[in-house]
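Reviewing the structure listed below.
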Amino acid sequence: MDQLEIKNLTLAFGGIVALQQVNMKIRKGEIHAVIGPNGAGKTSLFNCISGVYKPIEGNILFERESVLNRKPHQIASLGIARTFQNIELFRHMSVIDNLLLGRHHRFRSGPLSGIFFWGRALREEIKHRQKVEEVIDFLEIEKVRKKVVGTLPYGIQKRVELGRALAMEPKILLLDEPTSGMNVEETEDIARFVLDIKEELEVTVIMVEHDIAMVMDIADWITVLNFGSKIAEGTPSEIQINSKVIEAYLGEES
Amino acid sequence: MINRQLSMNESFLPLDTIPKLFLKNVRAHGHRVALREKDLGIWKRLTWSDYYEHVRDFAMGLKALGFEPGDKVSILGDNCCEWLYADLSAQSLHGIAVGIYPTDVAGQVKYILKNSDSKFVVARDQEQVDKVLQVKGELPLLKKVIVIDMKGLRRYKDPLIISFDETEKMGRRLHEQMPNFFEESIRSTRAEEVAIIVYTSGTTGDPKGAMISHKGMISMVRGLSQILDFRSSDSVVSVLPLCHIAERMFSLIFPMYVGYTVNFAESVNTLQEDMKEISPTAFLNVPRIWEKMHSNIMIRMQDAIFVKQWVFKAMVPIGERVSRYKLENKPVPRLWRFLHWIAYFTLFRALKNQLGLLQTRIFVSGAAPLSPDLVKFYHSVGVPVRECYGMTEMSGISFMPKDHEIRVGGVGKPIPGVEFKLGKDGEIFQKGDSVFVGYYGSPQATQDTIVDGWLHTGDVGQVDEEGILYLTDRKKDIIITAGGKNIAPSEIENKLKFSPFIKEAIVIGDRRKYLSCLIQIDLENVSNWAQNNKIAYTTYKSLATHSEVYKLIGKEVEEVNKHFSRVETIKKFKILEKELDPDDEELTATMKVKRAVIEKKFKDIIEAMY
């Protein structure tokens, strides 16, 4: 089943066309990688899906419903979570608080009951904390749960950001370069977590990634963008031998 | 006393096996907390009754999977409640539990599984399962791999794999069909049966599986409990790997005997914080960790503001003075008692709290000799650590000092039930009910080790006029210099390792003109020092080859040399350019140096010093 469908998506800033007539189908439960050279429009695509940018043409259907006229927070409530290329965490808050913020849209009790903090508000807090602790356990960040995010090493911060997205209990997870700036070992850890997210949590993953080796290892389906257009799609083995992809990455043979 | 206890609860059931002791605890205080495990950030408690149900269900599950008396179950993974369930289950069914270090690589895991004829493996997580699956082709006896944490294993279609929960469920169903089987199985366990096989860390050659019977463990704990005052209200944190006999004692044998509580940390990384939260009443660890704790304290003091530094410098000597009175069993004068009281509240209390040892009554160091300077330091700050002497082949501890027998460098007297004598060359021989049964599948090695009931330990020691044993070294490690002088390297090495900058030292010099030394620097502390002295570096290697670091270590070596006679001084040393690692077979899983491997591996470096 197609969980997310992107139809004829076109995005332009003034005269510059960032995305042109892009069509994509993301099936439920797959790891779908989006690759392409710098400036190909990968992050723009993510920003369209999460509602930050408004495309001038085309449609995005999530479970057969258009998300185009919704605000980013409404899209998040539908079950689309994301991480960012550059870490966007609250640096002065603890890991737990950052993760609890990921569940903000699920809190139902108001400020008044929060002041008294018993009954519903208390039960709700316990429920959400439980979920957050499950994410902490899943990502193996128990050691830092009470630490302030700004003091943590970069690789761990990336993991915390992934944790915040997971705490939302999303149906689709958009990962924007989850391994940028990481060493080999950290990259392997993230690859393992992405596979576990797919298999244990049964969350669909759409991932922008530059580490081609990792993409080829774990992706089920790959879409290749270049200058805002889709130039190829297929399984990793198909993409590896696609002449257009090789051309986009290595340049034309002269 | 034991027999009287049981006649109150049980009808003439001699408490001569671990499962029987377990049953006694369940009957005597089923509602009390037996285990705590931190899960999802919260300490979860299990009572003795819960504990019993898990063990019963898992044991019945094993039976449903085809477990027969005498079968071996290998347990592979970090410490957790399930580790103990599996251990007790195997023992209750007249089987044998075998522990494997979670840090072992696939080849070592294969060796132990094959050598022990294991039919079942209990693996903690995906990482451990992968190791077993990698070598399963060479293990024809293997029937099932039982997995505690199934995370990441969904796409594994191997029919060998079954989850721990599933096994317990099967067991519960079987228990409903035959409700008396499990308890009767426990009642029919016999003291002579081999209960566990513990693979020795093997500083030389392949590890050997020491078979330990119920009788061995119980006579050991009976003797030891007359020296260490364990209470059922005690609480320990399980810190060392459970497959090591020392942790097996603290997490399985002792709690079965006295009924205290065992706590499991959330993960290896969070151990220090979890220790603080639990504040155990008894703490056992290996010298490596005592060294680590000490160097952490020293580094933090260097970075502390001057007031704290001053307090530290002023108070530690007070503690030293008072601990000297105590070690000599003399009364502490009133003035010193008052000063000590001040020192306690200004420094020692906070320090112990930081280490998570505020509630601790019993401090034990074992498995290797602890540096005398460290012993003195810990005694000064109110952590009266006692060194014991034990070995796998003695079912655990065989020498433990009583309160008034604690001496720096001494390991006390043998526990009740153990006899000992010294050979001509000073080798220690031991005898008693706690001597192990033999090495599994290796009668020749057993014959070499146990002669006429005397266990040949391979350790060399001396006895003072009070009868307290002082260990010298491993017999085969004694260095005989070209000049014919016998030198115990561990004494010099321990002095060197007392420096916060030196993590590991290996003294070389057998049949050579003079002594030399290979040194591994402590990365954390030396890099801290480099930062403070504005020395640029990138990795361990760049630090290890830096000339300033050589000067720093040179000074430390000079300092140590002052304490020894001329033949015993280190003439040359070399800093190792890589960190020693169990994965590279340079250390055992308990972080003991494998001297032979290192001497072979770094042959060129050693030769260059002569």
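Keep in mind that this is a model prediction, so the values were computed, not measured. Each chain gets a letter, A, B and so on, in the order its sequence line appears, and its residues count up from 1.
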Legend entry - Any donor-acceptor N/O pair, A:Lys143 side chain to B:Thr270 backbone, under 3.5 Å: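 A pair under 3.5 Å: no.
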Inset, instruction - Answer yes or no: is there a donor N or O on one side and an acceptor on the other, between the side chain of B:Lys151 and the main chain of A:Asp196, under 3.5 Å? - result: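 Side chain of B:Lys151 to backbone of A:Asp196: no pair is present.
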Legend entry - Electrostatic pair A:Arg192-B:Glu127, nearest N-O below 4.0 angstrom: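 So A:Arg192 does not pair with B:Glu127 through a salt bridge.
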Might you confirm whether atom [atom1] of [X] has over 12 heavy atoms from other residues, nucleotides or ligands at distances under 6.0 Å?
X        : atom1 : result
B:Lys292 : NZ    : yes
A:Glu5   : CD    : yes
B:Lys352 : NZ    : yes
B:Lys541 : NZ    : no
A:His210 : NE2   : yes

[X] [atom1] to [Y] [atom2] distance, which is reported to the nearest 0.5 Å:
X        : Y        : atom1 : atom2 : value
A:Glu133 : B:Ile42  : CD    : CD1   : 7.0 Å
A:Ile136 : B:Leu40  : CD1   : CG    : 9.0 Å
A:Ile141 : B:Asn269 : CD1   : CG    : 12.0 Å

Inset, instruction - Identify which part of A:Leu195 has an atom lying under 4.5 Å from any heavy atom of chain B, answering side chain, backbone, both or neither. - result: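 Looking at A:Leu195, just its side chain touches chain B.
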Inset, instruction - Could you pull out the closest heavy-atom pair between B:Ser267 and A:Glu142, with the gap in Å? - result: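 Nearest heavy atoms, B:Ser267 then A:Glu142: OG-OE1, 4.3 Å.
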Inset, instruction - Would you mind telling me which of A:Gln130, A:Glu199, A:Lys198, A:Glu134 has the largest number of heavy-atom pairs within less than 4.5 Å of chain B? - result: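 It is A:Glu199.
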Inset, instruction - Would you sort out whether B:Glu266 and A:Arg145 count as a side-chain contact (heavy atoms from CB on, under 4.5 Å), showing the intermediate values? - result: CA-CA 12 Å; B:Glu266 192 163 25; A:Arg145 63 156 73 86; 2.5 Å; yes
Legend entry - Contact class of B:Leu153 relative to chain A, heavy atoms under 4.5 angstrom: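 For B:Leu153, the contact with chain A is made by the backbone alone.
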